[in-house]
There are 2 protein chains.
Amino acid sequence: MTNSMMNSDNPRAFSFIGGTSGTWTVASQRTVSGDPIGEASSVEMSPGLLADVPAGALWMLRGVATNDRYTTSAEKAALLKRQKPVGRASSSRAALILLRKSPAWWALAQDERRDILEEHSHHIAIGMRYLPAVARRLLHCRDFGTAEPFDFIGFLDYAPGDDDAFDEMLGQLRATREWSFMEREIDIRLEKA
Amino acid sequence: MTNSMMNSDNPRAFSFIGGTSGTWTVASQRTVSGDPIGEASSVEMSPGLLADVPAGALWMLRGVATNDRYTTSAEKAALLKRQKPVGRASSSRAALILLRKSPAWWALAQDERRDILEEHSHHIAIGMRYLPAVARRLLHCRDFGTAEPFDFIGFLDYAPGDDDAFDEMLGQLRATREWSFMEREIDIRLEKA
């Protein structure tokens, strides 16, 4: 087996560990739809891929940052102009949004999903209004080799003063046609420990 | 950890093992671009996800069947009408095409990639002309947790009389603008053992 065939860690992968210690303290946890997960008191976001749930942890979730799936070049240029990366010093509030869409969503063709996501639901346009206050790291879990419990992990952070704006944004997204395809959603709010 | 959080095997995953025994005998192997892989004499396609290279095997490659990334609903309807699944009794010839696209490809927005793939390169239209003679299983590897050596694994099978048609199809695809983004391609031809 040559070196190029070795499975090394994926630089686009992140692991989230729910347990009793970590950078983020859990302020609240709400199961919006589908089955709940265990209620951890702390969450750690760790770059790279953990193979197993660490000793003492309640759960581990993993995802990969990937290429744009729906964004057009014009939308991408507008986003790049306004968005900031997660991890700003002022961002002492965060949300971990765990999402799974239905088989009906995944059976749609590309143009049908784009049509629902943006032309009907304005997902990209809604998110744009809250930039740069809200920063987002979106990770995909659906095409992991192993079957993962969610399709997406969204980690979003912001300053304490932007709590209400964040809730407003999420409320708008949840009212969309796109969201009618969510079969599982868990909303965990975090504060920097 | 609840049951729903357990990592079980992914029903959309397949593993390919290159070694000295298997359903398929290697008739030829050609490195079209990028680094070669070890030259196995046999290949096995196995449903599910193998965690490690089996003892005695030269290499293992894994991928996941996923949702359509570019196909429109009209194209999908036309494909579904004509295409057959891999594994027909008459399909005693097959090709394993291993592909990796460049970072420049993955940095493009969705509309830019669609534009190159179909509006300029006619990838879907070219494949359509060879249905139902050629059957295809396309697997994605880029969003595995572990870093995989290829982005795509294409397994295509056909009857011995369709050898020339298959070569013609592949020749057309390789001449496209889409293919200028391939940074690694390996073409392994197989015959049923």
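Below, each value reflects all heavy atoms present in this structure, side chains not excepted, and no hydrogens, waters or symmetry copies. In what follows, chains carry the letters A, B, and so on, assigned in the order in which the sequence lines appear, proteins first and then strands, with residues in each chain numbered from 1. Source: prediction; values computed, not measured.
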(message) Taking A/Thr66's backbone N and O only, do any of them form a donor-acceptor pair with B/Arg142's side chain (distance below 3.5 Å, no angle check)?
(response)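 Checked: no pair found.
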
(request) Hey, could you give me the NZ/CG distance between A/Lys76 and B/Asp111, rounded to the nearest 0.5 Å? (result)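 Reported to 0.5 Å precision, the distance equals 10.0 Å.
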
(message) To check you understand the geometry: which heavy-atom pair defines the closest contact between B/Gly145 and A/Asn10, and what is its length?
(response)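 Looks like O-CB, 2.7 Å.
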
(request) Flag yes if A/Val64 and A/Trp59 sit in one hydrophobic cluster, no otherwise; membership is Ile, Leu, Val, Met, Phe, Trp, Tyr, and two members link when side-chain heavy atoms are under 4.5 Å apart. (result) no

(message) So which residue, A/Ser15, A/Gly63, A/Ala107, A/Ser73, ends up with the most heavy-atom pairs under 4.5 Å with chain B?
(response) A/Ser73

(message) Would you compute the distance between atom CG of A/Asp143 and atom CG of B/Asp143 and round it to the nearest 0.5 angstrom?
(response)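 Reported value, rounded in 0.5 Å steps: 6.0 Å.
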
(request) Name the region of B/Ala57, side chain, backbone, both or neither, that has any atom closer than 4.5 Å to a heavy atom of chain A. (result) neither

(message) If you count heavy-atom pairs within less than 4.5 Å of chain B, which of A/Glu112, A/Glu75, A/Arg12 leads?
(response) A/Arg12

(request) Would you mind checking which part of B/Thr71 comes under 4.5 Å of any heavy atom in chain A, side chain (CB onward), backbone (N, CA, C, O), both or neither? (result)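 Looking at B/Thr71, just its backbone touches chain A.
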
(message) Applying a strict under-4.5 Å side-chain criterion to I, L, V, M, F, W and Y, I'd like to know whether A/Leu156 and A/Met45 cluster together.
(response) no

(message) Just checking A/Lys192: does its NZ atom have more than 12 heavy atoms from other residues, nucleotides or ligands closer to it than 6.0 angstrom?
(response) yes

(message) Taking A/Leu96 as the starting point, is it possible to reach A/Leu58 by hopping between hydrophobic residues whose side chains are less than 4.5 Å apart?
(response)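 Yes; A/Leu96 is reachable from A/Leu58 via cluster members.
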
(request) Determine whether A/Phe155 and A/Ile188 fall in the same hydrophobic cluster, where Ile, Leu, Val, Met, Phe, Trp and Tyr are linked whenever their side-chain heavy atoms lie under 4.5 Å apart. (result)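 Yes, one cluster joins them.
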
(request) Report whether A/Met128 and A/Ile97 are members of the same hydrophobic cluster (ILVMFWY, side-chain heavy atoms less than 4.5 Å apart, transitive linking). (result) yes

(request) Counting only heavy atoms closer than 4.5 Å, note whether B/Phe144 contacts chain A via side chain, backbone, both or neither. (result) both

(message) What's the separation between atom CZ in A/Arg113 and atom CD in B/Gln110, rounded to the nearest 0.5 Å?
(response)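 That separation rounds to 8.5 Å.
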
(message) Which atoms of B/Arg114 are under 4.5 Å from chain A, going by heavy atoms: the side chain, the backbone, both sets, or neither?
(response) neither

